[in-house]
Amino acid sequence: MLKLDPKNTELLKQKQDILNSSIATTEEKLKQLKEIKDEADKKMAEGTKINEENYRALQREIINTQNKLNTLK
């Protein structure tokens with residue numbers, strides 16, 4: 001609808017609210033993923049074996065989430 005009426009301030013506000021919400025959610029997800037990675041790094045430093053495949057998947061998810069956040073911003 002915004003494409004049909006680009007000057008509609010209500011639609012612009014709604015779009016901005018959705019973007020802000022998406023950014024906040026993505027930032028929270030990224031924070032949680034980094035905390036999980038830090039915990040995994042700590043356990044590996046202590047000598048605990050970590051599933052390499054899961055660890056690499058976690059790293060990929062962090063990168064993907066970071067890229068999504070950059071796109072949203």
Side-chain angles (χ1 to χ4, degrees):
M1 289 181 64
L2 194 54
K3 288 180 182 181
L4 298 175
D5 188 9
K7 294 182 182 182
N8 186 323
T9 57
E10 182 60 32
L11 292 176
L12 288 171
K13 182 184 178 318
Q14 289 176 5
K15 181 178 180 180
Q16 186 65 35
D17 290 344
I18 290 170
L19 283 172
N20 286 336
S21 175
S22 295
I23 288 171
T25 301
T26 306
E27 285 176 337
E28 182 61 30
K29 178 181 178 182
L30 184 60
K31 178 182 171 192
Q32 290 173 352
L33 288 169
K34 286 183 176 182
E35 287 173 359
I36 291 168
K37 183 183 179 295
D38 289 344
E39 187 176 318
D41 289 341
K42 181 180 173 185
K43 286 184 179 184
M44 286 189 332
E46 293 171 352
T48 304
K49 293 257 183 184
I50 301 287
N51 183 320
E52 247 184 82
E53 185 177 325
N54 289 342
Y55 187 77
R56 280 189 247 128
L58 175 62
Q59 289 176 318
R60 283 191 304 272
E61 186 64 27
I62 288 172
I63 291 168
N64 289 337
T65 304
Q66 184 71 51
N67 289 338
K68 181 179 178 182
L69 182 60
N70 291 339
T71 300
L72 288 170
K73 286 184 176 182

Worked verdict on Leu12 versus Gln16 for side-chain contact (heavy atoms from CB on, under 4.5 Å): CA-CA 6 Å; Leu12 288 171; Gln16 186 65 35; over 6 Å; no
Only one of Ile50, Asn51, Leu58 clears side chain to side chain contact (heavy atoms under 4.5 Å, CB included) with Asn54; which? Asn51
Using the rule that two of Ile, Leu, Val, Met, Phe, Trp, Tyr join whenever any of their side-chain heavy atoms come within less than 4.5 Å, decide whether Leu19 and Leu30 are in one cluster. yes
Trace of the salt bridge (charged side-chain N to carboxylate O under 4.0 Å, His left out) decision for Lys31 with Glu27: CA-CA 6 Å; Lys31 178 182 171 192; Glu27 285 176 337; over 6 Å; no
More than 12 heavy atoms of other residues, nucleotides or ligands under 6.0 Å from CD of Glu52: is that the case? no
Using side-chain contact (heavy atoms from CB on, under 4.5 Å), reason through Glu35 and Glu39 one step at a time and then give a plain yes or no. CA-CA 6 Å; Glu35 287 173 359; Glu39 187 176 318; over 6 Å; no
Would Asp38 and Lys42 pass as an ion pair if we require N to O under 4.0 Å? no
Just verifying a value: how many Å separate Thr26 OG1 and Asn64 CG, rounded to the nearest 0.5 Å? 12.0 Å
Same apolar cluster: Ile36 and Leu69, side chain cutoff 4.5 Å: yes
Neighbour count above 12 (heavy atom, 6.0 Å) for Glu46 CD: yes
Salt bridge check, Lys37 against Glu61: does any charged N sit closer than 4.0 Å to a carboxylate O? no
Let me check something: do Leu72 and Ile62 share a hydrophobic cluster, defined by ILVMFWY side-chain heavy atoms less than 4.5 Å apart, either directly or through other members? yes
Arg60: side chain to side chain donor-acceptor pair (under 3.5 Å) partners, not counting sequence neighbours: none
